[in-house]
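These notes are about the structure you will find just below.
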Amino acid sequence: MGRWIPAMLAMIMVASVSSGARAQSVAEDRAASCAALAGFEREDLTIETAEQVNPPPRWAFPPSPFNFFAGPNPGTGQEFCRVAGIVEDEIRFELWLPVQWNGRYQQVGNGGYSGAINYPALSEGLDGGYAVASTDTGHQTPDNVFETGWIDDAHPRRVENFGHRAHHLVTHAARALTTEYYGEEPRYSYFNGCSSGGWQGMSEAQLYPEDYDGILAGAPANNFVRLQMRGFWLDRLDRDNPGGAFSMEMSQLIAQRATAYCDPRDGVTDGIISHPEQCDFDPAMLACGDGEEGLCLTPAQVERARLVYGPVTSVGGQSMYPGNAVGVIDRFFLPAPPGEESLPMIAYLIPGAILERLQTAFDFDRDTPELFDRFSAMLGAYDPDLSAFAAHGGKMMVYHGWTDALLSPYNSIDYFDRVGDAMGADARAQFYRLYMVPGMDHCRGGVGPDRFDMLSALERWVEQDNPPDRITAEYRRPGEAYRTRPLCPHPQIAVYRGEGNSDDAASFACRLPE
């Protein structure tokens, strides 16, 4: 029998060599298919790079000029085809095509006024098996997320590209490349973004309702014109009543006292205000007594705090961009650090005479309608009529952290309510869900559970007609999750059942507020 052993070993070696040769051949075929995308022809599309990336063992994405809010991944271990291109001469994008494709296309959003490829979100999407794309929206911001130097009269479409066109154009170019590479169209398409990315997702639903089957929009910066006007309004408050200004110490005092007062309202004292809408905290509780000074509020400061927290209405009765929830240090209270640009982005689009008027004598009721009419179609994403998106079969899920100090959570509630008013609450429930996240800051972070998988819930809704109910969020320490809470579809809220571990989501029920 021993004489057969060398022959068997030889057969195994031949098989191994053959298997290795086949694997090499397959890898070469993949690389060739990827490289072939460099010759893909489409009007207004230029392909700069088409290369197969086989990271050994992890491929680190190029550095971004600032940290995006999306995804913590430091790189990816996936082999993929990387395509970098330009649409309409200025709109740069990257498309990553995984070897193990899940049949879905995902496009990821941006942050701030950013002009940069969102590599962390690309990596996260790739690791999930998506063909995933990101765009710089037609400009580059190498220094910071709120840079405005890219706004140039010589390029009149840049702001419109940033507001909505870039993502729409890249959607169609990248999906065409995806179809060319795999030989079949994506079965489903999803948009996933937070902050400006959330606003971009809402723009897609309103202006290009057939682009996506599902949209996940976090802390959206929609209602952008009124958001920008808030800076002028607060500046006017400072001019008219400088005694109402706050120091950081005063802002911290208001936040701490409000948290202590409102925290127990959900049945658990844990440092989280679960339902700011249900709390009747009044800054007058911190008013200085007779002869009292120091950590207390003067009458002017009480008036200012009442004006800038929560929903705000103008003197003429118009709805303004709302403030933060109680328990949050409102960054708008505080003066800008020395050297920091204080003008909002929209100021660079306004003629000089109007801008001078806004800076010296801003009146919300007089000035905002004019600017809203001029810019809302391009930058607003505030139209509540989503009937075309719903008719397409699209589904949208929105989430917003209650401790977001950058964009008001009340704005997301206001838009949700407006869609219900325009289309009816029953019709809205067929395609739109809003989840408020207690204790979460802007997109992520904060004292509350801030990690959750809403994208999978959106997929089940789109693909299986399984509407999302409560979603479990986690607060993680390194290597473990030690607190979980349910995120309830608004207007439901999470209420402690009265027994069980208060750090366990199972101990909470989703109910309508009383």
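Note that these values count all heavy atoms, side chains included, but never hydrogens, waters or copies made by symmetry.
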### Charged N-O contact under 4.0 Å between Glu48 and Arg92
yes
### Query
What is the ring orientation for His167 with Phe191, classed by angle as parallel under 30°, tilted 30 to 60°, or perpendicular over 60°?
perpendicular
### Query
Taking only residues two or more places apart in sequence or in another chain, which ones pass side chain to side chain contact (heavy atoms under 4.5 Å, CB included) with Glu41?
none
### Query
Should Arg30 and Glu79 count as an ion pair when the cut-off is N to O under 4.0 Å?
yes
### Task
Just jot down the side chain to side chain contact (heavy atoms under 4.5 Å, CB included) partners of Asp235, sequence neighbours excluded, or say none.
Arg239
### Query
When you check the gap from the basic side-chain N to the acidic O, do Arg158 and Glu90 get nearer than 4.0 Å?
yes
### Message
Using a 6.0 Å distance limit plus a 45 degree cone around the ring axis, check whether Arg230 lies over the aromatic ring of Phe364.
### Response
no
### Task
Among residues two or more places apart or on two chains, list those pairs meeting side-chain hydrogen bond (donor to acceptor under 3.5 Å, both in side chains) that have a residue in residues 464-473.
none
### Query
What class does the angle between the rings of Phe389 and Phe431 fall in, given that below 30° is parallel, 30 to 60° is tilted and above 60° is perpendicular?
perpendicular
#### Entry: side chain to side chain contact (heavy atoms under 4.5 Å, CB included) partners of Ala173, counting only residues at least two apart
Arg42, Leu45, Val87
### Message
Once salt bridge (charged side-chain N to carboxylate O under 4.0 Å, His left out) is applied, do any residues pair with Arg175, and if so which ones, sequence neighbours excluded?
### Response
none
### Task
Specify whether Tyr188 and Tyr190 have parallel, tilted or perpendicular ring planes, treating 30° as the upper limit for parallel and 60° as the lower limit for perpendicular.
tilted
### Query
Do Tyr212 and Thr171 have side-chain atoms, one donor and one acceptor, less than 3.5 Å apart?
yes
### Task
Just jot down the salt bridge (charged side-chain N to carboxylate O under 4.0 Å, His left out) partners of Arg226, sequence neighbours excluded, or say none.
none
### Query
Does NZ or CZ of Arg428 fall inside the cone over Phe416's six-membered ring, less than 6.0 Å from its centre and within 45° of the axis?
yes
